[in-house]
Amino acid sequence: MTVVFSPLHPTFAAVVAPIDLRQAHDPAILESLQRGMAQYGVLVFRDQRFTNEEQMAFAQRFDGELHARTSTAVLVKNRHGNEALSDVSNVGADGQILPGEDRRRIGALANRLWHTDASFVTPPGRFSMLSARVVPEVAADTEFCDTRAAYAALDEATRATLAPLRVHHSIAYSREVLGFVFSAEEREKLKGAEQPLIRRIARDPRPALYLASHAQAVVGMPLAEGRLLLRDLMEHATQPQFVYRHQWQAHDFVIWDNRTTMHRATPFDDRKYRRELVRTTTLDIEQALP
Ligand code: OGA
Ligand code: MN
């Protein structure tokens with residue numbers, strides 16, 4: 001069986017069919033999906049009826065070890081009882097929609113900032129795989145941007161100045177920008193991690209900007225100067241021509257490469273409509289290439 005990749009945007013993102021990922025075990029099929037990920041950065045699969053266990057099994061056989069620290073999980077207990085299953089929902093442990101002031105709700109709102117998953121820890125997230133279990137009747141889309149196309153649009157002189165730079169990412173920083181307050185003990189747990197600003201993946205030669213709202217300082221640069229540079233680059237990378245907006249259908253499964261894209265949630269009436277997705281993310285550690 002061969003799968004067909006149909007582009008969703010001029011530079012990245014494709015929908016893949018026909019395939020039931022629960023049944024995808026053939027190494028040749030998984031390899032063609034890996035090549036698709038390297039090329040498109042975002043792959044959309046419709047009608048994937050995963051249980052949590054099936055989703056974890058697929059994520060592991062497709063891309064390796066699962067990440068268990070992709071949020072403020074060190075602070076808040078997870079509804080699914082397994083930190084490798086990120087609860088991307090507006091629902092509490094009792095199954096009810098979270099109240100307006102709930103800390104978990106406010107934390108989830110931070111997904112509306114452009115970001116890459118787990119850039120604030122080492123190793124960061126490589127592929128994130130989001131399974132739509134319950135989708136509201138109103139639009140509650142996710143936007144993705146192509147950070148390789150954004151890099152390609154920079155001039156030569158800018159690229160040369162960015163090449164050696166390293167950036168400190170912290171989830172506490174992106175939350176504090178939104179007015180969150182962390183205790184000293186919490187801040188210590190959320191210290192963050194340093195990442196290169198430009199990344200290249202093994203399977204594709206095109207460099208990407210590696211950015212996120214977690215990016216709080218450029219190493220070796222005065223804080224204000226680094227923040228201005230990061231702000232300019234975030235604005236550049238998220239211009240409309242680099243963005244694909246995904247409109248969710250129930251049972252969609254979307255995989256993105258955090259090294260070549262950023263993403264953000266878009267606002268909807270989350271006090272009224274239930275939205276439940278489950279995310280698995282792989283660890284960005286060394287991988288044997290075929
Ligand atoms: C995520 C995320 C955005 C959304 O799952 O990592 O950022 O629209 N989701 O739910
Ligand atoms: Mn995310």
Side-chain angles (χ1 to χ4, degrees), residues 13 41-45 48 50 52 55-56 59 63 66-73 76 78-80 82-91 97-98 104-121 123-145 147 169-171 173-175 177-178 190 193 195 210-215 234 237-238 243-271 273-284:
V42 179
L43 295 180
V44 173
F45 303 83
Q48 305 293 320
F50 282 110
N52 289 349
Q55 182 174 343
M56 285 197 290
D63 198 51
L66 298 182
H67 209 302
R69 292 192 298 147
T70 68
S71 67
T72 45
V76 190
N78 178 311
R79 185 163 67 109
H80 300 304
N82 182 336
E83 295 305 339
L85 290 165
S86 293
D87 179 12
V88 181
S89 82
N90 59 341
V91 172
I97 290 180
L98 293 170
R104 286 163 298 175
R105 170 174 183 263
I106 307 291
L109 288 181
N111 272 350
R112 281 164 51 185
L113 300 172
W114 283 107
H115 66 282
T116 48
D117 291 330
S119 63
F120 45 81
V121 285
R126 185 167 48 220
F127 289 176
S128 285
M129 316 185 194
L130 193 53
S131 164
R133 306 295 174 81
V134 178
V135 167
E137 60 209 70
V138 293
D141 305 341
T142 305
E143 289 189 322
F144 296 89
C145 74
T147 54
H169 292 241
S170 151
I171 195 171
Y173 173 70
S174 59
R175 267 50 177 176
V177 164
L178 296 177
L190 303 174
Q195 310 289 356
Y210 189 60
L211 287 167
S213 299
H214 313 306
M234 289 292 280
T238 58
V243 174
Y244 161 68
R245 185 176 180 110
H246 184 69
Q247 298 175 284
W248 291 96
Q249 298 172 14
H251 312 300
D252 277 358
F253 190 67
V254 177
I255 311 180
W256 63 86
D257 190 332
N258 288 294
R259 303 166 303 177
T260 60
T261 61
M262 278 194 286
H263 61 282
R264 68 170 176 184
T266 61
F268 72 105
D269 189 351
D270 70 304
R271 309 286 312 286
Y273 299 103
R274 174 180 295 271
R275 182 177 188 262
E276 296 185 61
L277 303 95
V278 177
R279 176 164 53 71
T280 39
T281 296
T282 52
L283 284 170
D284 186 15

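Heavy-atom basis, side chains included; hydrogens, waters and symmetry copies ignored. All residue numbers in this chain count up from 1 along the given sequence. Start at 1 and go down the list; that is how both ligands and their atoms are numbered.
When rounded to 10 degrees, the angle formed at the Mn ion (ligand 2) by NE2 (His115) and OD1 (Asp117) equals 100°.
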For this session: Start with the C-alpha distance between Tyr273 and Phe268, add both sets of side-chain angles, then the distance that settles ring pair (Phe, Tyr, Trp, His ring centres under 6.0 Å), and finish with yes or no.
Result: CA-CA 8 Å; Tyr273 299 103; Phe268 72 105; 7.3 Å; no
Problem set entry | Evaluation steps, ring pair (Phe, Tyr, Trp, His ring centres under 6.0 Å), between Phe120 and His115 | CA-CA 10 Å; Phe120 45 81; His115 66 282; 8.9 Å; no
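In plain terms, the two heavy atoms of Asn258 and Phe127 that are nearest each other are ND2-C, 4.1 Å.
Near ligand 1, heavy-atom contacts under 4.0 Å come from Val88, Asn111, His115, Asp117, Leu130, Thr142, Trp256, His263, Ala265, Arg275, Arg279.
For the residue pair His67 and Asp117, no side-chain donor N or O sits within less than 3.5 Å of a side-chain acceptor on the partner. A donor-acceptor contact under 3.5 angstrom links the side chains of Ser131 and Arg133, judged on distance only.
Tyr244 and His246 have tilted rings, their planes meeting at an angle from 30° to 60° on a 0 to 90° scale.
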